[in-house]
Structures are given as structure tokens and as C-alpha cells.
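Small disclaimer: the values here were computed from a predicted structure and weren't measured.
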Amino acid sequence: QVQLRESGGGLVQAGGSLRLSCAASGRTSSGIAMGWSRQAPGKEREFVTAINWSGSRTYYADSVKGRFTISRDNAKNTVYLQMNSLKPEDTAVYSCAAAYATAVLTAAAGYAFWGQGTQVTVSS
């Protein structure tokens with residue numbers, strides 16, 4: 001089992017930046033692929049980014065490509081999501097996900113473990 005805890009959400013003006021963190025605990029010695037999804041009120045969940053175990057491969061949804069960057073520090077069992085040039089439409093609850101896999105997993109269905117989420121609000 002893997003437990004995930006997100007942090008770093010908050011309120012920011014359009015054009016601003018935020019960095020989310022997701023700390024993993026539990027059985028983290030095996031290869032773990034990680035990712036982030038988001039869900040805005042009244043909208044379906046959108047899977048936005050993922051990273052493989054080594055950090056050598058990443059995936060981004062078109063909606064965030066060029067603005068968001070995912071990275072990880074395996075020594076700290078932590079994955080980061082740097083969000084730049086934020087837009088009001090980025091407002092959502094952002095949730096971290098993990099799976100026992102070494103490849104990059106590009107869909108939410110591939111993940112077995114999820115965090116509680118952190119709210120990101122971008123004002124116009």
C-alpha cells in the first residue's frame with residue numbers, strides 16, 4: 001500500500017505560479033509511477049500529467065503542456081507539480097496518484113492509490 005499526501009495548493013492570481021508536492025509513504029521501495037489529476041466543480045476528472053519511476057519520461061495533457069512541469073525526488077519519496085502561467089480554468093482540486101509500475105502511466109485508470117487532493121484556485 002502507498003499513502004499519498006498533497007500540499008501546496010492555494011489561491012493565486014491569473015498568470016501566477018504554484019508548486020504542489022505529493023509525499024508518498026508506505027511500501028515505496030518498489031518502482032512507483034506517479035501522476036496528477038484534477039477535477040473542477042461540475043466537470044469530469046482530467047488526468048493532467050505523469051512521470052515514470054526514474055523520472056526520465058513524462059506525460060502532459062494538452063491543456064497544461066508548456067505551463068506545468070512534473071518532477072520527482074525518489075530520495076524524498078516526493079513528486080512535484082510546478083504550475084506556471086496559471087489560468088482561471090486551472091481552478092480545481094488536484095489529486096496525486098501512484099501505481100506500482102516503472103513506466104509512465106498516462107491515464108487515471110492505471111493508478112491504484114490516490115491522495116485526498118488539494119484545492120487550487122486561480123482568480124481572474
Side-chain angles (χ1 to χ4, degrees):
Q1 292 284 337
V2 177
Q3 293 80 44
L4 303 171
R5 183 167 64 183
E6 303 95 337
S7 60
L11 173 65
V12 64
Q13 288 189 332
S17 299
L18 278 176
R19 188 176 84 153
L20 306 183
S21 299
C22 174
S25 60
R27 191 166 73 86
T28 59
S29 59
S30 300
I32 298 177
M34 300 188 75
W36 291 89
S37 71
R38 65 186 182 184
Q39 187 162 23
K43 295 187 177 180
E44 291 188 358
R45 181 171 61 181
E46 177 186 18
F47 191 78
V48 295
T49 184
I51 191 167
N52 68 340
W53 166 242
S54 68
S56 62
R57 295 189 180 274
T58 57
Y59 159 84
Y60 298 96
D62 288 343
S63 59
V64 305
K65 199 172 294 183
R67 301 187 298 121
F68 290 13
T69 302
I70 189 171
S71 62
R72 67 189 300 161
D73 183 341
N74 286 345
K76 297 181 178 179
N77 292 323
T78 300
V79 66
Y80 304 98
L81 180 59
Q82 178 67 43
M83 305 185 294
N84 298 329
S85 302
L86 283 162
K87 305 175 182 179
E89 51 263 43
D90 294 318
T91 295
V93 174
Y94 285 71
S95 298
C96 177
Y100 289 121
T102 56
V104 61
L105 304 179
T106 61
Y111 293 86
F113 308 106
W114 291 87
Q116 292 295 314
T118 185
Q119 177 70 46
V120 171
T121 302
V122 184
S123 63
S124 57

Cluster membership besides Tyr80, Ile/Leu/Val/Met/Phe/Trp/Tyr side chains within less than 4.5 angstrom, sorted by chain and number, is none
Only counting residues at least two apart or in another chain, list the ones meeting side-chain contact (heavy atoms from CB on, under 4.5 Å) with Ser56. Asn52, Ser54
Which heavy atom of Tyr111 sits nearest to which heavy atom of Gly35, and what is that distance? CE2-N, 3.8 Å
Disulfide bond (SG atoms under 2.5 Å apart) pairs, two or more places apart, involving residues 81-124: Cys22-Cys96
Residue pairs, two or more places apart or on separate chains, that pass side-chain hydrogen bond (donor to acceptor under 3.5 Å, both in side chains) and touch residues 114-124: Gln119-Thr121
Side-chain heavy atoms under 4.5 angstrom apart, residues restricted to Ile, Leu, Val, Met, Phe, Trp, Tyr: same cluster for Trp36 and Val2? yes
Contacts of type side-chain contact (heavy atoms from CB on, under 4.5 Å), residue Thr102, not counting sequence neighbours: Trp53
Check salt bridge (Lys or Arg N to Asp or Glu O under 4.0 Å) between Lys65 and all other residues, then give those that pass, not counting sequence neighbours. Asp62
List in chain and number order the residues that pass side chain to side chain donor-acceptor pair (under 3.5 Å) with Ser17, two or more places apart in sequence or in another chain; answer none if no residue qualifies. Asn84
To the nearest 0.5 angstrom, please state how far the CZ atom of Arg5 sits from the OG1 atom of Thr78. 10.0 Å
Val120: side-chain contact (heavy atoms from CB on, under 4.5 Å) partners, not counting sequence neighbours: Leu18, Leu20, Met83, Tyr94, Val122
Using a 3.5 Å cut-off and no angle test, enumerate the donor-acceptor pairs between side-chain atoms of residues 40-51 and protein atoms at least two apart in sequence or in another chain.
from: Glu46; atom 1: OE1; to: Arg38; atom 2: NE; distance (Å): 2.8
from: Glu46; atom 1: OE1; to: Arg38; atom 2: NH2; distance (Å): 3.0
from: Glu46; atom 1: OE2; to: Ser63; atom 2: OG; distance (Å): 2.6
from: Thr49; atom 1: OG1; to: Tyr59; atom 2: O; distance (Å): 2.9

Does Leu4 belong to the same Ile/Leu/Val/Met/Phe/Trp/Tyr cluster as Val93, with side-chain heavy atoms less than 4.5 Å apart forming each link? no
If you round to the nearest 0.5 Å, how far is CZ of Arg57 from CG of Leu105? 13.0 Å
Grab the two heavy atoms, one from Ala99 and one from Gly110, that are nearest each other, plus how far apart they are. CB-O, 3.5 Å
For Thr28 against Ile32, the heavy-atom pair lying closest together: CA-CD1, 3.6 Å
Any residue meeting side-chain contact (heavy atoms from CB on, under 4.5 Å) with Ser7, in chain and number order, not counting sequence neighbours: Ser21
Under the rule for side chain to side chain donor-acceptor pair (under 3.5 Å), what residues qualify as partners of Arg67, not counting sequence neighbours? Asp90
By ring pair (Phe, Tyr, Trp, His ring centres under 6.0 Å), Phe113 pairs with (sequence neighbours left out) Tyr100
Would a distance-only check, ignoring hydrogens and angles, find a side-chain to backbone donor-acceptor pair under 3.5 Å from Thr91 to Pro88? yes
